[in-house]
Amino acid sequence: MSIDQIKTITVVGSGVMGSQIAMVCALGGYRVFVQDVNTESLKKAEQTLKQRMERQVQKGKLTLEEIEYAFNRLSFTTSLNDALKETDFVIEAIVEKLEAKRELFSAMDKLAAPHVIFTTNSSTIVSSKLADATNRPDKVCNMHFSNPALVMELVEVVKNESTSDETTETTVELSRKLKKTPILLNKEISGFVMNRILAAIQNEAITLYEKGFASVEDIDLACTKGLNHPMGPFSLIDLTGLDIHYNVRLQRYSESGEEVDKPSNTVTEKVEKGELGRKTGKGFYVYS
């Protein structure tokens, strides 16, 4: 399947990443379906996107006409069948749990046309673990957007052993059409490039904090003021969600068996208390 054949894109999952990826695709000129089993999540996604886009207009980064054009191309639905019956390309962005993704890919395989490419936004679960749940393993790969997807330019495209060159080339080209900068990984490794480097930084930050060497605030300041990072590691974990961080680490630990890959005690305790970061009002920081 070539890039010119892609007219409609389906994003499955309407959370922070899914909703932003959908808007990126709509701004790129594509017809977009956003599917989620949770009606409230869909409503929240649409409302949050409208607020976010209004700020972009106020800042002069986008025009009102561009925003209206994008929203006119977006459809929100709880029906997986409706979301897939006309689509050409799927980006999955649901919870980071392998069995949930496998069930979804199997269900999508029965509903989507044979030419449709299935990608997963996961940076932890490699696509080879999902491809054999379908009858189209050559049309499955990872397409990992950086968070926040509306702002960050990087997209990591990762082949598995079954992914065809045509699927890879189309996914890379679509990334460019969406005004992103793609990098290609020719073989799989959990975490890919960006998150493996990021994880090393976060691991060290948490270790320094847990052993009492420095506070959360000062460690973040060391990264923003000393390393010129746009955001400190604890602020970033709060932004993406401690539950996401926890599930990613749990998945990596299940694959490696290495103690270093386990979620830290601090993160585990906060997740158990429901302190998941910005979305709950408290994580490593407290938010009004």
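As the structure is a prediction and not an experimental result, all values here were calculated from the model. All residue numbers in this chain count up from 1 along the given sequence.
The minimum heavy-atom distance linking A22 with V34 is given by the pair CB-CG2, 3.4 Å. Closest approach of V260 and N203 over heavy atoms only: O-ND2, 4.4 Å. Shortest non-hydrogen contact noted between H115 and M1 is O-SD, 3.3 Å. Taking every heavy atom of both residues into account, D88 and K7 meet most closely at OD2-N, 2.9 Å. Annotation for S256 and D261: closest pair OG-OD2, 2.6 Å, computed over non-hydrogen atoms. The two residues G283 and K270 make their nearest non-hydrogen contact at O-NZ, 2.9 Å.
In this structure, E210 places its CD atom where more than 12 heavy-atom neighbours from other residues, nucleotides or ligands lie under 6.0 Å away. Within 6.0 Å of CD in E153 there are 12 or fewer heavy atoms belonging to other residues, nucleotides or ligands. When the shell of 6.0 Å around NZ of K180 is examined, it contains more than 12 heavy atoms from other residues, nucleotides or ligands. Residue F192 places its CZ atom among more than 12 non-hydrogen atoms of other residues, nucleotides or ligands, all under 6.0 Å distant. The environment of K262 atom NZ is sparse: at most 12 non-hydrogen atoms of other residues, nucleotides or ligands sit within 6.0 angstrom.
Among N121, V90, V155, T120, the single residue meeting the side chain to side chain contact (heavy atoms under 4.5 Å, CB included) criterion with M143 is V155. When the options T167, N186, T168, D165 are evaluated for a side-chain hydrogen bond (donor to acceptor under 3.5 Å, both in side chains) with K159, the one that passes is D165.
For the atom pair K279 NZ and D238 CG, the distance stands at 10.5 Å (nearest 0.5 Å). Taken from OG1 in T268 to NE2 in H245, the straight-line distance is 8.5 Å, to the nearest 0.5 Å. In this structure, T119 OG1 and I21 CD1 are separated by 8.0 Å, a value rounded to the nearest 0.5 Å. From L184, atom CG reaches atom OG1 of T171 across 9.5 Å, with rounding to the nearest 0.5 Å.
Here S190 pairs with T124, R252, E255 under the side-chain contact (heavy atoms from CB on, under 4.5 Å) rule; sequence neighbours left out. With sequence neighbours left out, the ring pair (Phe, Tyr, Trp, His ring centres under 6.0 Å) criterion links F145 to no other residue. Checked against ring pair (Phe, Tyr, Trp, His ring centres under 6.0 Å), F118 has the following partners two or more places apart in sequence or in another chain: F105.
In the hydrophobic clustering of ILVMFWY residues, with side-chain heavy atoms under 4.5 Å counting as a link, I219 and L242 come out together. The hydrophobic clustering, which links ILVMFWY residues whose side-chain heavy atoms are closer than 4.5 Å, places L239 and V151 apart.
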side-chain contact (heavy atoms from CB on, under 4.5 Å) for Q202 and L236? Distances and angles first, verdict last. CA-CA 9 Å; Q202 291 177 342; L236 182 56; 4.1 Å; yes

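Within the structure, side-chain hydrogen bond (donor to acceptor under 3.5 Å, both in side chains) pairs that include any residue of residues 100-112 comprise E92-K101, E96-K101, R102-D132, S106-K110, D109-N135, D109-R136 (at least two apart or interchain). The side-chain hydrogen bond (donor to acceptor under 3.5 Å, both in side chains) pairs that include a residue from residues 47-61 number zero, where partners must be two or more places apart or lie in different chains.
Looking only at distances, no side-chain donor or acceptor of S235 sits under 3.5 Å from a matching main-chain atom of M231.
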Can you give each donor-acceptor pair under 3.5 Å made by side-chain atoms of residues 223-230, sequence neighbours left out, with the distance rounded to 0.1 Å?
unit_1 : atom_1 : unit_2 : atom_2 : d
T224   : OG1    : D220   : O      : 3.2
T224   : OG1    : L221   : O      : 3.4

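Between the side chains of N160 and T163, at least one donor-acceptor pair of N or O atoms lies under 3.5 Å. In summary, the side chains of S41 and S14 do present a donor paired with an acceptor at a separation below 3.5 Å, with no hydrogens or angles considered.
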